[in-house]
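Heads up, the thing below is written out as structure tokens.
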Amino acid sequence: MLEFADNHHTDRLTLFAEVILPLAIAKNYTYRVPYEMNDAVAVGKRVMVQFGKSKLYTAIVAGIGTEAPQKYEAKYLLEVLDDRPVVTQQQLEFWKWLADYYLCNVGEVMAAALPAALKLASETKIMLNPDGNIDRSLLHDKEFLIVDALDIQPILSVSDIVKLLGQKIVMPVLKSMFDKNIIHISEEVSERYKPRKRSYIKLNSLYNEPDMRRELFAELERRAPKQADAVLAYLKLSREQPLVSKNDLMEASGASAAIIKALSDKEVFYIEERNVSRLYYEEFDLAANFELSEAQQNALTDIQNHFKEKEVVLLHGVTSSGKTEIYIRLVEEALHAGKQVLYLLPEIALTTHVIERLRKYFGNDIGVYHSRFNDNERVEVWQKVLNHEYKVVLGARSAVFLPFDNLGLVVVDEEHETSYKQFDPAPRYNARDAAIYLAGRYQAKVLLGSATPSFESYFNARTGKFGLAEITERFGGVSLPEIEVVSITEETKKKTMQSHFSSVLMNDIQTALTNKEQVILFQNRRGYAPVLVCRVCAFTPKCINCDVSLTYHKSSAHLHCHYCGYKEESLSVCPACGSTHLEYKGFGTEKIEDELQVLLPDARIARMDLDTTRARNAYQNLLNDLEEKRIDILVGTQMVAKGLDFADVTVIGIINADSLLKYPDYRANERSFQMLAQVSGRAGRRGKQGKVVIQTYNPQHRVIGQVISNDYKELYLSEIDERKNFKYPPFYRIIQMDIKHKDAEKLHYQAEYLAVELRKHFGDRVIGPEYPLVSRIRNFYIKSIMLKFEKDNISIVKVKSVIRDVILQFQTTQLSKGCIIQPDVDPY
DNA sequence: AGCACGCCGACT
DNA sequence: GTCGGCGTGCTC
């Protein structure tokens, strides 16, 4: 960074500003500050600059100096956009660290960190604020011109406005219009985030009295028979489901909205609007002044003690152990100390439900930061954090970029969630790790919470880098579910299996249905059958791109590749030998659903997997159906393990645990344990005893034993030993990989494929690759690579190519920049 | 990220 | 003979 210049009496001093552009370019650029802006320019303020031939960008001033660049003539800054910095020095340093750690450019971090409205560029779209009532008489000439143009053409770009006004510098005008809420600024047309609402009907409790009810019916029968029908339909529905929605009632009774309105006007019905955000979490509402249970209190004391010497504490508490209450206590503590709090949640959990609960405690001190919010709202949160109006920010991963200056505590709930990691555009950061680093900068404490901690966090806790607090019992005496392991081998011998369902599972399903409770069945594969085989010649249809067997989907009658999405019509004749004896082998969610429906013709069965949730709102609709008990049994993939919590789901069936137990890489146990434990944790709520049935061919499998005892310790101790071997004397390992993608050569994105292959071995510790490198290592197929394992580093040493079959020696740093494998996460 | 320059395949 | 594909390099 350039030296700081004395900003006083600088009228005649020539200043140069080093700026960060929101682009993937390697370094910062230097612009000359016009004399008249000498006083206005400052580190952290936004400036308009021209970059390249015609593009205008918003850049952030990263440094100010007095020395003119030697090798080129600096252009002038066009404008200083802010009266005071919008980005703090702390943030700039955080960006730099992030760019370095995740191998990208600071500009890319800036692009991810700033809400779109703070980084206007010439292609940025401008539109009228649909909510604003514009008093045109108060507008200046230029503003009037813009509003007028937007009336005719609702979306204009900044460059359109440059043409419209006939002047180059339009940002001040646009900025003031944005501040006055006249216009919206956006890169794309952003959807406004609205909590989903649903209307529910309640009968006036007056009519629970038999006499009153009889009187009501007599009256209605006589004067409004349709209304009587509606009330009758309501009574019937309310016996079947706890909540009757307006839509249900209209459907069931054929009543129109007018009829329901009339009944509500007569105060026979009450209509209640409720937020539909049923995901996640302990179902009971927090009492206004809750008391911690003994277990919670012990965990809290543990955490507080650990915080005396450790920066990070992992709270490992079983599902429903009441972790949220502990977070709230800690947040209160931090607030009393006058500090800011960052509370991170995975995207899926950030629902109005959770937000409301926390708002109840912290009132207007709490801000919510979410990618689904529109940009104006995001800028508002940004500003309010900057002004200290928000003391607590509840947010998804991008909330780590907010301008905190007095952070005291970071809570990362569900820290194992993979959605904390951003994959697609750089920076490919993990918000959990970034938050740990961020907290370190402020000497703030971090609490990681999970029922199924990630490997690295548990490792760090077990080896003493993090503190560890545990809660092993559920809150309020809700008991842990009973887990029964069923040997498929044995039941097959006894001939008690009905299709894929053991007698144990069938019994439990039946019992649940009789008690009007619900069931979730977990099957780790979607589609109908993962393989189609010719019984005569053993031919199997394979994907033409990926060389994996195609999965049969009954609903589409097509064979699908689950890797690349390739699709072809299903076969009735073997293309190799002409035989018609084609057999579907294995089973997926579709088949489970089908066969269960045959066995239980009256049950209402639904399926939740990628195929049924692709449509907009399909996922939400399924959840609503489950909540409102229009579904008895839900069959699903991974998806059902994430955050679903419903009071009446008492039985969970894992159709075949074996597909989870056979991952080849060393993180297998972690993943399968997490998945099984997450699924199991969903059974039983509100005083109901839950039951988990695990069907398997390997009842003795280590991981199954650990799931039963919920024993993370045992699971990890052996893994940690294995990990230690990685750490000590450096050794080399060759990984074979076979990259067969048809397009690999054409696309040249070898590093991308390298990354895909490496991820199979090392999971998401593999990061990259970055574009500039990709183009340098293209034009050959990677056959094998040699990795060097050292204490704190795993690096790529050699790459063997297929085409010329020669070993190419790369500079480790050069190649590893394209695709690096991180050692244990260590943000310090 | 954009944009220009430059070098090889299918076309009025 | 040109148009246009994308590969490469540059932007203060």
Side-chain angles (χ1 to χ4, degrees), chain A residues 1-3 5 14-35 37-38 41 43 45-81 92 95 98-99 102-125 157-160 162-163 168-169 171 185-188 422 424-428 743-752 768-780 814 817-818:
Chain A
M1 196 175 297
L2 302 173
E3 273 172 44
T14 307
L15 295 181
F16 293 89
E18 184 194 323
V19 303
I20 303 169
L21 287 153
L23 301 172
I25 41 179
K27 53 196 208 73
N28 290 342
Y29 283 68
T30 304
Y31 285 82
R32 185 167 168 175
V33 182
Y35 291 130
M37 295 180 202
N38 274 8
V41 76
V43 170
K45 284 189 185 178
R46 292 173 306 148
V47 290
M48 267 328 278
V49 296
Q50 189 179 55
F51 184 70
K53 271 228 145 160
S54 58
K55 287 278 146 192
L56 298 179
Y57 289 99
T58 304
I60 295 278
V61 178
I64 297 166
T66 51
E67 239 159 80
Q70 303 278 295
K71 295 180 181 162
Y72 53 86
E73 187 83 18
K75 279 186 187 164
Y76 280 97
L77 291 182
L78 300 177
E79 279 297 321
V80 176
L81 294 174
L92 290 175
W95 290 3
L98 201 87
Y102 289 107
L103 300 165
C104 67
N105 303 304
V106 183
E108 290 171 295
V109 179
M110 171 186 167
L114 283 188
L118 290 180
K119 38 175 206 226
L120 322 171
S122 37
E123 286 317 304
T124 305
K125 298 286 182 276
S157 71
V158 173
S159 42
D160 292 337
V162 169
K163 273 181 234 151
K168 210 169 181 184
I169 295 158
M171 289 310 164
I185 292 172
S186 156
E187 282 179 335
E188 300 145 36
Q422 167 154 322
D424 202 12
R428 297 174 178 82
D743 288 331
E745 193 178 8
K746 196 173 112 196
L747 290 171
H748 301 161
Y749 280 65
Q750 289 290 332
E752 196 63 71
E770 299 308 305
Y771 180 74
L773 186 93
V774 171
S775 60
R776 270 179 197 100
I777 62 160
R778 68 204 169 170
N779 289 336
F780 54 83
Q814 192 188 42
K817 284 253 171 182

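In the text below, chain A, chain B and the rest are named by the order of the sequence lines, each starting its count at 1.
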Legend entry - Spacing of A:Tyr57 atom OH relative to B:dC3 atom P, expressed in whole Å: 7 Å
Legend entry - Any A:Lys55 side-chain N or O less than 4.0 Å from OP1/OP2 of B:dG2: no
Legend entry - CD1-CG distance between A:Ile60 and A:Leu118, expressed to the nearest 0.5 angstrom: 8.0 Å
Inset, instruction - Using atom NZ of A:Lys75 as one end and atom C1' of C:dC10 as the other, report the distance to the nearest whole Å. - result: 11 Å
Inset, instruction - Check every strand shown and say whether A:Ile25 touches a base, only sugar-phosphate, or nothing at a heavy-atom separation below 4.0 Å. - result: base
Legend entry - Gap between atoms CG and P, on A:Leu23 and C:dC10 respectively (whole Å): 17 Å
Inset, instruction - Indicate, with a heavy-atom threshold strictly under 4.0 Å, whether A:Lys71 touches base, sugar-phosphate, or nothing. - result: nothing
Inset, instruction - Output yes when at least one side-chain N/O atom of A:Tyr31 is less than 4.0 Å from OP1 or OP2 of C:dC12, else no. - result: yes
Inset, instruction - Just jot down the side-chain contact (heavy atoms from CB on, under 4.5 Å) partners of A:Ala74, sequence neighbours excluded, or say none. - result: A:Phe16, A:Arg32, A:Pro69
Inset, instruction - Return the value, rounded to whole Å, for the distance between atom CD1 of A:Ile20 and atom P of B:dA1. - result: 17 Å
Legend entry - Residue list, side-chain contact (heavy atoms from CB on, under 4.5 Å) with A:Lys75, at least two apart or on another chain: A:Tyr31, A:Gln50
Legend entry - Value in whole Å for how far the P atom of C:dC12 lies from CD of A:Glu18: 15 Å
Inset, instruction - To the nearest Å, give me how far apart CG (A:Leu21) and C1' (B:dA1) are. - result: 10 Å
Inset, instruction - Could you check how far CD of A:Gln50 sits from P of C:dC12, rounded to whole Å? - result: 8 Å
Legend entry - Length of the line joining A:Leu15:CG and C:dC12:C1', which is rounded to integer Å: 16 Å
Legend entry - Minimum side-chain heavy-atom gap A:Ile25-A:Leu21 below 4.5 Å: yes
